[in-house]
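Down below is the structure, laid out as structure tokens.
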Number of protein chains: 2
Amino acid sequence: MNDRGSRLSKDAVLDAAADLVRAQGPAALTMRRLAGELGCAVTAIYWHVGNREALLDELVARTVREMGRIRAEGATPAARAESVALELRRKLRARPHLIALVHERGLTERMMLPAQRALAHEAHAAGLRGAAAAEAVRAVQFHVVGFVLVERNRERAPAQHPGEPDLWDDATAEQDPGLAQAFADPPDVDRLFRATTRAVVASLWGAVPGEGGA
Amino acid sequence: MNDRGSRLSKDAVLDAAADLVRAQGPAALTMRRLAGELGCAVTAIYWHVGNREALLDELVARTVREMGRIRAEGATPAARAESVALELRRKLRARPHLIALVHERGLTERMMLPAQRALAHEAHAAGLRGAAAAEAVRAVQFHVVGFVLVERNRERAPAQHPGEPDLWDDATAEQDPGLAQAFADPPDVDRLFRATTRAVVASLWGAVPGEGGA
DNA sequence: ACCTGAACACCGTTCAAGT
DNA sequence: ACCTGAACACCGTTCAAGT
């Protein structure tokens, strides 16, 4: 029995832990703080989940399950592959802290399996086979995960870029003031993601109809 | 004076700290362990570098400086942009732990500035101006950093992919056994990087001569 | 089976005290 | 100016003891 008269359970521990991580990141998840939330002794947690490492493993497993369902949309295989990339990015961005945990524990690949299958399906539909199909799938996969990691980093450290404009007033910048201006503004990440995704998919699947990507 | 009769200095502290991080990662850098290496009291370190946070800041600043020099090679602007991407990846992979620290502290963008300038130069040479040039530069930048982050993660967790082949013996795999086989093998990351870099650069700079990328 | 409190070995950091 | 040792507030984890 805890403070509130209710019994502790593994699910209760996991729920409280997930709340802490979602709100304040994994560093905020200390066993003592968690016990505080649960109204029990620190050591009671150990009976239910083993230890902190095992607790994080369970949270990661949950996240991997949640990332499961991916559906492709569009007329052509290339367009459908692109839609998978876009949805993937959306889902990854919705759970930043937990995704970081998955990544830290080296389970990104495992988490990406459903998306991998969806992409493989579209590669197959586009006529790609064997190693060429695998390369196409992995190219998109690396691209999406990598992009999300980079943009997350930018968001976490908004004040860290010390005057990008200051560092651009050299020869090139004088020749092209529009360039310096473009670098002074934060990048339009949505646009950047669409453009690069389109480039990667187009080069491996064939052209994506609908917009005029070079 | 320390154990060895020599005096402590800020540089000595930084060197010892860098050694620890390079060999065993930032988690291994504890103030007590560092004091052990240096043969001084834990608190002596504080006099020279402030605290652990400041110490890491200095290591990060060092790394940013080291990443400075980038030179482009090749005949066309696109080929030169591609060479920058390749060299960038090489340099990033040579300092995984320190790069991770830079990334953690949100200084990746700062670190990438020299490469950014080199890429901007090539974009300019290819006739790109203003926002279009900035987008081309950033696309390559995001691509390289993202790719390195993803492949690092794969390397750190080699045993974590639980039987990718097992998860591929479904309809698609039956239709294309070569695909299942290709996924059972680890990806050829060098090849994958070259292919995707070529795709991104080609779509924004124009075709890269020398090899037949689609 | 489930939970507690005391204890241990670690952390980073502060601070008065020494030279 | 440079360094020490004691002390404080945190960690995760173990374990004998309770019910």
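Note that the structure is a prediction, hence the values are computed from the model and not measured. Letters A, B, ... are given to chains in the order of the sequence lines, protein chains preceding strands, and every chain is numbered from 1.
Residues passing the side-chain hydrogen bond (donor to acceptor under 3.5 Å, both in side chains) test with A:Arg22, sequence neighbours excluded: none. Every residue two or more places apart in sequence or in another chain that forms a salt bridge (charged side-chain N to carboxylate O under 4.0 Å, His left out) with B:Glu151 is listed here: B:Arg89, B:Arg93. Under the side-chain hydrogen bond (donor to acceptor under 3.5 Å, both in side chains) criterion, B:Glu104 pairs with no residue, sequence neighbours left out. Under the ring pair (Phe, Tyr, Trp, His ring centres under 6.0 Å) criterion, B:Phe142 pairs with A:Phe147, sequence neighbours left out. Taking B:Gln24 as the reference, nothing meets the side-chain hydrogen bond (donor to acceptor under 3.5 Å, both in side chains) condition, with sequence neighbours excluded. Residues that satisfy the side-chain hydrogen bond (donor to acceptor under 3.5 Å, both in side chains) test with B:Glu135, not counting sequence neighbours, are A:Arg191.
For the pair B:Tyr46 and B:Met31, the minimum side-chain heavy-atom distance is below 4.5 Å.
Scanning residues 53-61 of chain A for heavy-atom distances under 4.0 Å to DNA chain D yields an empty list.
Between the CD1 atom of B:Ile45 and the C1' atom of D:dC3 there is a distance of 12 Å, given to the nearest Å. Atom P of nucleotide D:dC3 and atom CG of B:Leu38 are separated by 10 Å, given to the nearest angstrom. Distance B:Trp47 CH2 to D:dT4 P: 13 Å, rounded to the nearest Å. The nearest whole Å value for the distance from the OH atom in A:Tyr46 to the C1' atom in D:dT14 is 9 Å.
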Protein-nucleic acid N or O pairs under 3.5 Å, nucleotides 15-19 of chain D:
none

N/O contacts under 3.5 Å, protein versus nucleotides 8-11 of chain C?
{"unit_1": "C:dC11", "atom_1": "N4", "unit_2": "B:Arg32", "atom_2": "NH2", "d": "3.3"}

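Counting only Watson-Crick and G-U wobble pairs whose two key distances fall under 3.5 Å, DNA chain C forms stems of three or more stacked pairs at C:4-8 with D:12-16, C:12-16 with D:4-8.
Put simply, A:His48 has no side-chain N or O that comes within less than 4.0 Å of OP1 or OP2 on C:dA1.
Of the options A:Thr108, A:Val148, A:Leu98, A:Val102, a side chain to side chain contact (heavy atoms under 4.5 Å, CB included) to A:Leu92 is made by A:Val148 and by none of the others.
B:Ala72 approaches B:Glu122 most closely through the heavy-atom pair CB-OE2, 3.8 Å. Closest approach of A:Ala44 to A:Cys40, counting heavy atoms only: CB-SG, 4.0 Å.
Note that CG of A:Asp185 is 5.0 Å distant from CD of A:Gln181, once rounded to the nearest 0.5 Å.
Sorted by first and then second residue, the side-chain hydrogen bond (donor to acceptor under 3.5 Å, both in side chains) pairs with a member in residues 61-70 of chain B read B:Asp15-B:Arg62, B:Glu66-B:Arg95; sequence neighbours excluded. Residue pairs meeting the salt bridge (charged side-chain N to carboxylate O under 4.0 Å, His left out) criterion with at least one partner in residues 41-59 of chain A, sequence neighbours excluded, are A:Lys10-A:Glu58, A:Glu53-A:Arg105, A:Asp57-A:Arg105.
Residue contacts shown for A:Ala44 include a base, since a base heavy atom lies under 4.0 Å away.
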